[in-house]
Amino acid sequence: MAENQTFDVIVVGGGHAGAEAAFAAAKAGAQTLLLTISRETIAKLSCNPAIGGLAKGQIVREIDALGGLMGEAIDATGIQFRMLNQSKGPAVRSPRAQADKYLYKDYVRKRLENTDNLTIEEGMATEVLTANDKVSGIRCCDGRIFNASHVVLTTGTFLRGIMHMGEKQWQGGRLDEPASNGLSESLKSLGLTLGRLKTGTPARLAGDTIDYDKTEIQPGDDIPVPFSFLNETIDRPTVPCWITWTNEEIHQLLRDNLDRAPMYTGQIESTGPRYCPSIETKIMRFADKTRHQVFLEPEDEAGTTVYCNGISTSYPKDVQDEMIRLLPGTENARIVHYAYAIEYDYCPAQQLKPSLETRKVPGLFLAGQINGTSGYEEAGGQGLVAGINAVLTLNGQEPLVLGREQAYIGVLIDDLLTREIDEPYRMFTSRAEYRLTLRSDNADRRLTPIGRKLGLIDEKRWDRYQQKIEDMERLEKILKSTSKGDKRLWQLAKQPQVSLTDDLASEPAISKLNLRREVLEAVGIDATYEGYTARQEKQIAAFRKLENIKLPEELDYKTIPHLRNEAKEKLTAFAPATLGQASRIGGITPADITVLQIHLKKNKSL
């Protein structure tokens, strides 16, 4: 490739955020460059070989509904599928799947390689270039320059990455991959503030050296539920996972060696993920627990290597060896890759607009772990939004901003913009106030029309979506007009103990329609929760009143009379886009919001 080649959009980093950003930008018609250290590590599942999970599964469905890659990729390469929380209400049910991590990254890479308008180039970015105070391109460590007016940084854990294993430290962005050091200095020179976070990973074991008879088997669902709305069924071989438990011997071993654990010697200074703690953190934080669950999760279809989910650590090798020897089922297991921790730079997200564009550098977007998040799904959702918005702003259009009432992706981005992140952010269903209407089953109804307008939804997906909506409307009409005994079928379907899929599907008026199972399930949920969703829609309407009041970017909070000093400082630092967003910033009170409203009215901004 010739130097100084020009693109519309450059995406730096080939992880899950980068893959979705590049795919979205290219599908939207922009000439896009994906710049990655290695083509072979695009969409690498560098930690847990799984996609989805509680709330994360909803994000994957949303990515898919908008026309992204992740849902299709896991359906094509998954080796075990489970719908979590099946015994609970549909608002908290979440799909999760183990992946063959080799097939997964190959699938995504091949899809990207066959995407129109997308060029993939290997190289390490070291500098964000600007001209006239706007982004103008990227400089690589080998001197190559790529020009673009819009750049999306998805750097993962590579920014000044330092890896830890006991007393040993070395520079790296991931196992056997180099850190990116120059880019951090470049971002600082552009006026961005950087912070430091930590994450970690457990050991991987050779699958044929584990004694599975000493563990508890955990099979997947008999009838796997696809992630992608394009797929009706999953036609893949499935494998089980296994469960084992730590014990007091292991806990004592770890306590005896705390003076060699970087988390407790001061060697690691940054904060790790609260909801995915290392095993050394668990034994100290939950000192009363005599054991902790460990999931043995195959990393590929053949079970060649196994991921030890639950014992992430940064102890030295000899302590890790002994811990594995004491774990039931792995007494004679061979460690293929030792566990390690990694510290890396990130940019606190209050420096971003809701579009994920930086406020200080027009044309520069950030997505993924660089914004302080953890997880492939959170990264993918941000990448998709950043890629879309890079193209929209390129074309002079209003950016896509998903509200908290529209999508978990909207909740995620809003939380990043209104919270002081001091640990890697992870999504949970409890973070979403309107989770009853943000279900995994209705992500297409919420977002596919948006994706269509953005040019991300092809004819095949659009036709399938429209057919589903038509089928749902037909079914609902029949349910409301057909009686069984003295009740309409709709009234029967509303009863929690009655399943439209299993109990009413054989009714002649319904069976003759020959509908897909997903249609029956969706209408059944709509019927059961009709009253609840109606109440939530009223709450959403009230919520939107504040969300629709925009705050001018140039508003000087320090000059607003009667506004508390703390509020002035917080609002100046976070620069909220709307009055609703301002109300969610920590330390902002209802009285502060009232003062703002009065000020806006006086200045005719309302």
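We number each residue from 1, following the sequence as shown. All values below come from the heavy atoms of this structure, side chains included, with hydrogens, waters and symmetry mates left out.
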Give me the one residue out of Asp100, Val108, Asp106 that meets side chain to side chain contact (heavy atoms under 4.5 Å, CB included) with Tyr104. Val108

Check for a donor-acceptor pair, side chain of Tyr346 on one end and backbone N or O of Leu159 on the other, with a separation under 3.5 Å. no

Looking at Tyr425, I'd like to know if the NZ or CZ of Arg431 sits under 6.0 Å from its six-membered ring centre while staying within 45 degrees of the ring's axis. yes

Mark yes or no for whether Arg488, through its side chain, and Leu479, through its backbone, hold a donor-acceptor pair below 3.5 Å. no

Answer with yes or no whether the side chains of Thr358 and Gln351 bring together a donor and an acceptor at under 3.5 Å. no

Between the side chain of Thr157 and the main-chain N/O of Tyr344, is any donor-acceptor distance below 3.5 Å? no

So, Glu459 and Arg464, do they make that salt bridge, N to O below 4.0 Å? no

I need the Tyr408 OH to Thr429 OG1 distance, nearest 0.5 Å. 5.0 Å

Quick one: do the Gln382 and Asn371 side chains pair a donor with an acceptor below 3.5 Å? yes

Could you state the interatomic distance from CD1 (Ile234) to CD1 (Ile74), rounded to the nearest 0.5 Å? 8.5 Å

Quick one: do Glu357 and Lys134 make a salt bridge, cutoff under 4.0 Å? no

May I ask you to decide if Ser228's main-chain N or O and Glu72's side chain share a donor-acceptor pair within less than 3.5 Å? no

At what distance, to the nearest 0.5 angstrom, does CD of Gln218 lie from CD of Gln80? 6.0 Å

Would you please say whether a donor-acceptor pair under 3.5 Å links the side chains of Arg111 and Tyr107? yes

If you count the non-hydrogen atoms of other residues, nucleotides and ligands that lie under 6.0 Å from NZ in Lys484, is the total more than 12? no

Got a sec: does the CD of Glu398 have more than 12 other heavy atoms crowding it under 6.0 Å? no

Given 3.5 Å as the limit, does a donor-acceptor pair link the side chain of Ser94 with the main chain of Ala55, or not? yes

Taking Thr154 for the side chain and Ala367 for the main chain, is one N or O donor matched with an acceptor at less than 3.5 Å? no

Thr418 and Gln581: side-chain donor and acceptor closer than 3.5 Å? no

Main-chain N/O of Glu40 paired to Lys105 side chain as donor or acceptor, under 3.5 Å: yes

Does Glu530 pair with Lys494 as a salt bridge, N-O distance under 4.0 Å? yes

Is it true that Glu405 and Arg435 have a side-chain N and a carboxylate O under 4.0 angstrom from each other? no

Short N-O contact, Asp414 and Arg584, less than 4.0 angstrom: yes

Does the Lys NZ or Arg CZ of Arg404 fall within the cation-pi geometry relative to Tyr434 - under 6.0 Å from the ring centre and within 45° of the axis? no

Flag the pair Lys477 and Glu473 as a salt bridge only when some basic side-chain nitrogen lies within less than 4.0 angstrom of an acidic carboxylate oxygen. no

Answer yes when Glu121 and Arg39 have at least one side-chain N-carboxylate O distance shorter than 4.0 Å, and no when they do not. no

Got a salt bridge between Asp441 and Arg439, using NZ or NE/NH1/NH2 to carboxylate O under 4.0 Å? yes

Would you call Glu62 and Arg446 a salt bridge, using N to O less than 4.0 angstrom? yes

Side-chain ion pair, Arg61 and Asp64, N-O less than 4.0 Å: no

Could Lys468 and Asp471 be called an ion pair, given the rule that one side-chain N must be under 4.0 Å from one carboxylate O? no

Would you say the side chains of Gln31 and Asp8 form a donor-acceptor pair under 3.5 Å? no

